[in-house]
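Report on one structure; see the data block that follows.
What's counted below: heavy atoms across the whole structure, side chains too, no hydrogens, waters or symmetry copies. Residue numbers start from 1 in every chain, and the chains themselves are labelled A, B, ... in the order their sequence lines are given, proteins ahead of strands. Keep in mind that what you see is a predicted model, and the values were worked out from it rather than measured.
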Amino acid sequence: MGSIQALRGTRDILPEEIGYWQRVESVAQDILSKAAYQEIRTPIFEQTSLFERGIGEATDVVGKEMYTFKDRGDRSITLRPEGTAGVVRAFIEHGLAAQGGVQRLWYGGPMFRYERPQAGRQRQFHQIGVEVLGSLSPRADTEVIAIATQILQTLGLKNLHLNLNSIGNSEDRQHYREALIAYLTPFKSELDPDSQDRLSRNPLRILDSKDEHTQEILQAAPSILDYLNPDSKTRFEQVQQQLTSLGIPYEVNPRLVRGLDYYTHTVFEIQSDDLGAQATVCAGGRYDGLVAQLGGPDTPAVGWAIGLERLILLLQQLQPVSPTRIDFYVVSKGEPAEAQAVVLAQTLRQQGFSVELDLSGSAFGKQFKRADRSGAAACFILGDAEAETQTVQLKWLATGKQEAIAQSSLISMTELLRQQIADSRAEGKG
RNA sequence: GCGAGCGUAGCCAAGUGGUUAAGGCAGCGGAUUGUGGUUCCGCCAUUCGUGGGUUCGAGUCCCAUCGUUCGCCCCA
């Protein structure tokens, strides 16, 4: 065990698991493209200052979780801890705002946070996310939530809960913040230590505390919803009405605050009952100030990110992804036959079949054993006799039926073979 | 960064101080040198994450270290 292992918090996704990933990615891509979202790919590392300015210097993500290092040119580089900042940077840098209208973007890929790994949390993890830039309409909020819901539903996930809140605009929040501090200060000594600390730095996050006594104290605390100005309040009501008319269940949770500084108005989380402590599968919200804060034109925006590892944890609980089955397994023995088998395999692939060629050169018996385990519908057999007569034996593994075929007539049999594979699969299931 | 549990083969594991480290799955070879799925036989850990210590003797006890799991914090 002196050999090199994957770094803590990273892991390999092996072939047996990759089916889940491919399924998630194809479902997401399909739904997003039908909703007129376009993919954007941004670099995996950025200038450190992008995240400091975008996410907020006081947040834990920036304060203690970033993979930051100096490159050989003495620049401070950070592996992206989330996707929004990079997308917004690209949006500004390439003048996408000048194209006017609304930009609907989506992205996917690895993110990096230096945290202690646990269930549903790794140092390198993967997200798919969307960002709608340039719309102030509450309908944009509803749209992104609806899309997230559709993706999760299409994948067959159950026991999910959408939690919704509005944290208003920055003025609303400032007023609420003062009110909350005023309410909590007399209880300061009773709060859990973390919350005492947060009272001065980031009081809103006390709302999230898991400490029971802190939560008791919070029972009578003022609610953010009472501090929304009429416009903020109307916006929030519209989002809720639209979700209702879409038939998307949700729960308003006035305690829901998000850990990143850029959020405004709508914030939401989709959580699962079937995960451990890290139950949030999808989270997002509106961030009307971020684009301007990063030096771009004043542009309202809303988005979310889905955590793929958590999603796949849930998928694995549902049902196993059936392993991909190949059509044909090619068995051969002896010099001329083995050479012809290479050509045969390639010919079949060019006709659109999936074909595995046995490379072992071992006895036919062993090769058949492997053919059987491969899950192929049939195998082609090439030995000295076939090589000599330019034929090939085709054996159907389910029935054992076998026939000789002239190599030259294989291509003309493509449709027939396709049909026979389908038939043998259909029977195999019954 | 803090707390707790766990590290025996590719995987699942027995073993709780005393000769050669059970068993199962997978894999490989043979019975079956041109025909699979069953069966039978054989092979597959000089060594128990690593280093040190206690002991006549350590996979087993102690310390350290690394890894891992779950939780806190935080977040997708």
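Side-chain N/O atoms of A:Lys64 include none lying less than 4.0 angstrom from OP1 or OP2 on B:C73. Contact check, A:Gln118 against B:G71: a side-chain N or O comes under 4.0 Å of OP1 or OP2. At B:C28, none of the side-chain N or O atoms of A:Lys366 fall inside 4.0 Å of OP1 or OP2 (strictly under the cut-off).
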Check the interface with nucleotides 2-7 of chain B: list each N/O to N/O pair with the protein under 3.5 Å, or write none.
{"unit_1": "B:C2", "atom_1": "N4", "unit_2": "A:Arg116", "atom_2": "NH1", "d": "2.7"}

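Contacts of A:Lys395 with the nucleic acid, taken as non-hydrogen atoms under 4.0 Å apart, include base atoms. Within 4.0 Å of A:Gly284, counting heavy atoms only, lies no atom of the nucleic acid at all. A:Arg8 comes within contact range of at least one nucleobase, with a heavy-atom separation under 4.0 Å. Note on A:Glu16: nothing from the nucleic acid sits closer than 4.0 angstrom, heavy atoms only. Heavy atoms of A:Leu260 sit under 4.0 angstrom from primed sugar atoms or phosphate atoms, though from no base atom. A:Gln402 comes within 4.0 angstrom of a nucleotide base, judged by non-hydrogen atoms across all strands.
Straight-line distance from the CZ atom of A:Arg370 to the C1' atom of B:G29: 11 Å, rounded to whole Å. A:Glu212 has its CD atom 13 Å from the P atom of B:C72, to the nearest Å. Separating the CG atom of A:Leu313 from the P atom of B:C70 is a distance of 8 Å, rounded to the nearest angstrom. As rounded to whole Å, 14 Å separates atom P of B:C28 from atom CG of A:Leu359. If you take CD1 of A:Ile312 and C1' of B:A76, they are 12 Å apart, rounded to a whole angstrom.
Sorted by residue number, the members of residues 274-283 of chain A with any non-hydrogen atom under 4.0 Å from RNA chain B read A:Gly276, A:Ala277, A:Gln278, A:Thr280, A:Val281, A:Cys282, A:Ala283.
Closest approach to the A:Leu397 side chain among B:G36, B:U68, B:G1 is made by B:G36 (side chain taken as heavy atoms from C-beta onward). Proximity note for A:Arg205 (side chain, C-beta onward) versus B:C72, B:G29, B:C75: the nearest is B:C75.
A:Glu251 and A:His161 form no side-chain donor-acceptor contact under 3.5 Å, judged by distance and modelled atom types alone.
Listed by chain and residue number, nothing satisfies the salt bridge (charged side-chain N to carboxylate O under 4.0 Å, His left out) test with A:Asp192 (two or more places apart in sequence, or in another chain).
Side-chain to base pairing of A:Arg121 with B:C70: no donor and acceptor N or O lie closer than 3.5 Å to each other. In the interface, the side chain of A:Gln367 is not paired with the base of B:U35 through any donor and acceptor atom under 3.5 Å apart.
Stacking between A:Phe368 and B:U35 is present: the aromatic ring centre lies within less than 5.5 angstrom of the base six-membered ring centre, and the two planes differ by under 30 degrees.
Legend: ring-ring contact (aromatic ring centres under 6.0 Å, His included) pairs involving residues 8-55 of chain A, not counting sequence neighbours, sorted by first then second residue: A:Trp21-A:His126. Pairs engaging residues 353-406 of chain A under the ring-ring contact (aromatic ring centres under 6.0 Å, His included) rule: A:Phe328-A:Phe353, A:Phe328-A:Phe380 [sequence neighbours left out].
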Check: Reading nucleotides 39-45 of chain B from the 5' end, what letters show protein touch, with B for base, S for backbone sugar-phosphate only, - for no heavy atom under 4.0 Å?
Finding: -------

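In this entry B:G59 has no Watson-Crick or G-U wobble partner, no candidate having both defining distances under 3.5 Å.
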